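Quick notes on the structure that follows.
Letters go in sequence order (proteins before strands), and every chain restarts at 1. Here the structure is a predicted model, which is why all the values come from computation and not from measurement.
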Number of protein chains: 2
Amino acid sequence: MQIPNEATLETSGRSLRIERAALHDQIVQRLHDLITEGELKPGERINERELAGRLDVSRTPLREALRVLAAEKLVTISPNYGAFVTRMTRREIQDAFELMSKLERFSGELACERITSEELETIRGVHEAMMAHWQQQNLPGYYHANQQIHDLINQAARNDALRQTYLSLNRRLHPLRLSSNRSDTKWRRAVAEHEQMLTALESRDGDTLGQLMERHLLEKRDAVLADWRDEA
Amino acid sequence: MQIPNEATLETSGRSLRIERAALHDQIVQRLHDLITEGELKPGERINERELAGRLDVSRTPLREALRVLAAEKLVTISPNYGAFVTRMTRREIQDAFELMSKLERFSGELACERITSEELETIRGVHEAMMAHWQQQNLPGYYHANQQIHDLINQAARNDALRQTYLSLNRRLHPLRLSSNRSDTKWRRAVAEHEQMLTALESRDGDTLGQLMERHLLEKRDAVLADWRDEA
DNA sequence: GTATTGTTTTTTGCATTCATTACGCAATAT
DNA sequence: ATATTGCGTAATGAATGCAAAAAACAATAC
């Protein structure tokens, strides 16, 4: 039994291997979409055989995908019992947003230290597009631009562990964020805060930006929790 | 520090289901141990068939376990190529410690708000045990107590999302932390910092404790990075 | 009518089998 | 000697089959 060459993968020079997505990875992606789009609802039981049929794959890669999603807490698996779309409790939502607010703050602080002027320009562009969406009362467009800005700031922070953690938390919270229908006054306020954030970022004022972003997300938390019913 | 098994089913009333650990969850646990103990070394290839034989299970649950560990970034999977124990780059280590330092800070801040006097007493007990280990130059005992303290503070913060993220990062960094052989002066310094931390915690001074814990971990980062060679 | 027990049916968990892909080595050409 | 091509082997990926566990249902006792 011979051990194959490991050099091809991870030598200092990055490998050129093209990695066709494996089926189970595609399934992870697909299930993630189904969950965030609400096609699979929180608390809903996932029948392996039925879902495998629906996705036209066998149970094996589906099960692998479910385990991955369980590790990300998007689904909850109870041994010998079944898999469910995770339903977060009020407390879990609160905790997650609290943590998220700190991650946002950290992102902002680091981004002010590390952002390039090109990145800054990009963000300004998206920011202006977001403003346009706001004036047209285009909520989906606004949300998209909004997410994009936070993501760009996160990227500018240049800390991959932070980014991964942020994205993972975001995946879990994303469905909730959409459902929080904000009043016009709250929307106006959020927009104003984003203006401040951009100003702070452009002057590389990490403390201010960090505080703004943290507070911004805590307000988001309050908005989501206010809307949230404890379906027992 | 346990990985798997959402204990209860998610109805409001907690379920009484007993959940015998599924095989693949046991494997996750076992592999995690093998990795942190250095039995499986970073960069090492994982041959599914061989490892399955070694653990006396079939490839199916082993593969499920590998996917879970990949989601936690403890192993790296390259499609159609194989699984490897993740080898972190210097930059990834740096990023992870930086994030960890912020999580520690947040833990400290929250713990000061939420800790009970019982918990405080427990921590003081472990702290004194740690001091005893120090005076006896018992490094393993010291490390264990040290980890325990950080974990207890984390628990006292009462934010599960924070706790999960902290534990996940800790799993990835744990092997590294051991390998950083500290000088006696550094050890003495760390001990002194822990004294300060306990004082801050007992007086519920969140700002001070947060700063101490953040700095404490950044020093750890420097110690680890100083020892770390970029094996190409 | 309710509760309990026994039976059937469904579903999950794991092992095995088959297919596909990539590696390693030898043969060949340059 | 080096590079390239082709083939055999060994790895991973996915599907199927089978056993175990749980849920649903029916029958019985009270």
Side-chain angles (χ1 to χ4, degrees), chain A residues 1-11 14-31 40 43-71 75-86, chain B residues 3-11 13 15-31 40 43-71 75-86:
Chain A
M1 190 185 299
Q2 37 198 299
I3 310 269
N5 196 352
E6 99 179 29
T8 43
L9 184 60
E10 28 113 33
T11 53
R14 57 213 168 290
S15 154
L16 298 183
R17 278 177 53 77
I18 52 168
E19 307 200 340
R20 302 190 275 313
L23 187 49
H24 63 260
D25 280 335
Q26 291 179 275
I27 297 176
V28 167
Q29 188 66 40
R30 184 91 186 85
L31 285 185
L40 293 173
E44 184 175 341
R45 182 174 196 146
I46 295 172
N47 183 311
E48 290 181 0
R49 191 179 305 275
E50 187 235 340
L51 186 54
R54 197 136 73 92
L55 300 179
D56 196 39
V57 296
S58 79
R59 283 176 55 219
T60 307
L62 172 60
R63 281 171 61 87
E64 290 179 359
L66 286 174
R67 297 300 182 278
V68 170
L69 291 169
V75 312
T76 303
I77 294 176
S78 200
N80 284 320
Y81 186 67
F84 301 80
V85 180
T86 297
Chain B
I3 296 180
N5 246 347
E6 224 53 34
T8 55
L9 195 50
E10 29 87 43
T11 57
S15 153
L16 298 183
R17 279 176 51 77
I18 51 164
E19 308 202 337
R20 301 187 278 309
L23 188 50
H24 63 260
D25 280 336
Q26 294 180 357
I27 297 175
V28 167
Q29 186 68 41
R30 185 90 185 87
L31 285 186
L40 293 174
E44 183 175 342
R45 179 167 200 151
I46 296 173
N47 182 311
E48 290 182 0
R49 191 180 307 274
E50 187 233 339
L51 186 54
R54 196 135 72 93
L55 300 180
D56 197 39
V57 298
S58 80
R59 281 177 56 219
T60 308
L62 171 61
R63 281 172 61 88
E64 290 178 359
L66 286 174
R67 298 298 181 279
V68 170
L69 291 169
V75 312
T76 304
I77 294 177
S78 200
N80 285 319
Y81 186 67
F84 301 80
V85 179
T86 297

With sequence neighbours excluded, tell me which residues meet side-chain contact (heavy atoms from CB on, under 4.5 Å) with A/V68.
-> A/V28, A/E72, B/R67, B/A71
From CD of B/E64 across to P of D/dT12 the rounded distance in Å is 16 Å
Given C/dG13, is OP1 or OP2 found less than 4.0 Å from the side-chain N or O atoms of B/H24?
-> no
Nearest-Å distance for atom pair CZ/C1', residues B/F84 and C/dA22 | 12 Å
From CA spacing to verdict: side-chain contact (heavy atoms from CB on, under 4.5 Å), B/L31, B/I46 = CA-CA 11 Å; B/L31 285 186; B/I46 296 173; 5.9 Å; no
Pull out every protein N or O sitting under 3.5 Å from an N or O of nucleotides 9-12 of chain C, one pair per line with the distance.
{"residue": "C/dT11", "atom": "OP1", "partner": "A/N47", "partner atom": "ND2", "Å": "2.9"}
{"residue": "C/dT12", "atom": "OP1", "partner": "A/I46", "partner atom": "O", "Å": "3.3"}
{"residue": "C/dT12", "atom": "OP1", "partner": "A/E48", "partner atom": "N", "Å": "3.3"}
{"residue": "C/dT12", "atom": "OP2", "partner": "A/E48", "partner atom": "N", "Å": "3.4"}

What distance do B/R63 atom CZ and B/H24 atom NE2 have between them, rounded to the nearest 0.5 Å?
-> 14.5 Å
Listed by chain and number, what are the side-chain hydrogen bond (donor to acceptor under 3.5 Å, both in side chains) partners of B/R59, not counting sequence neighbours?
-> B/E48
Could you give the CG-to-P distance, from B/D25 to C/dG13, as a whole number of Å?
-> 9 Å
Set of residues satisfying side-chain hydrogen bond (donor to acceptor under 3.5 Å, both in side chains) with respect to B/T60, sequence neighbours excluded = none
If only side-chain N and O atoms of A/S58 are considered, is one of them under 4.0 Å from the OP1 or OP2 phosphate oxygen of D/dA15?
-> yes
Contacts of B/R54 that satisfy side-chain contact (heavy atoms from CB on, under 4.5 Å) - sequence neighbours left out = B/E39, B/L40, B/E50, B/L51
Whole Å only: how far is the CG atom of B/L23 from the C1' atom of C/dT16?
-> 15 Å
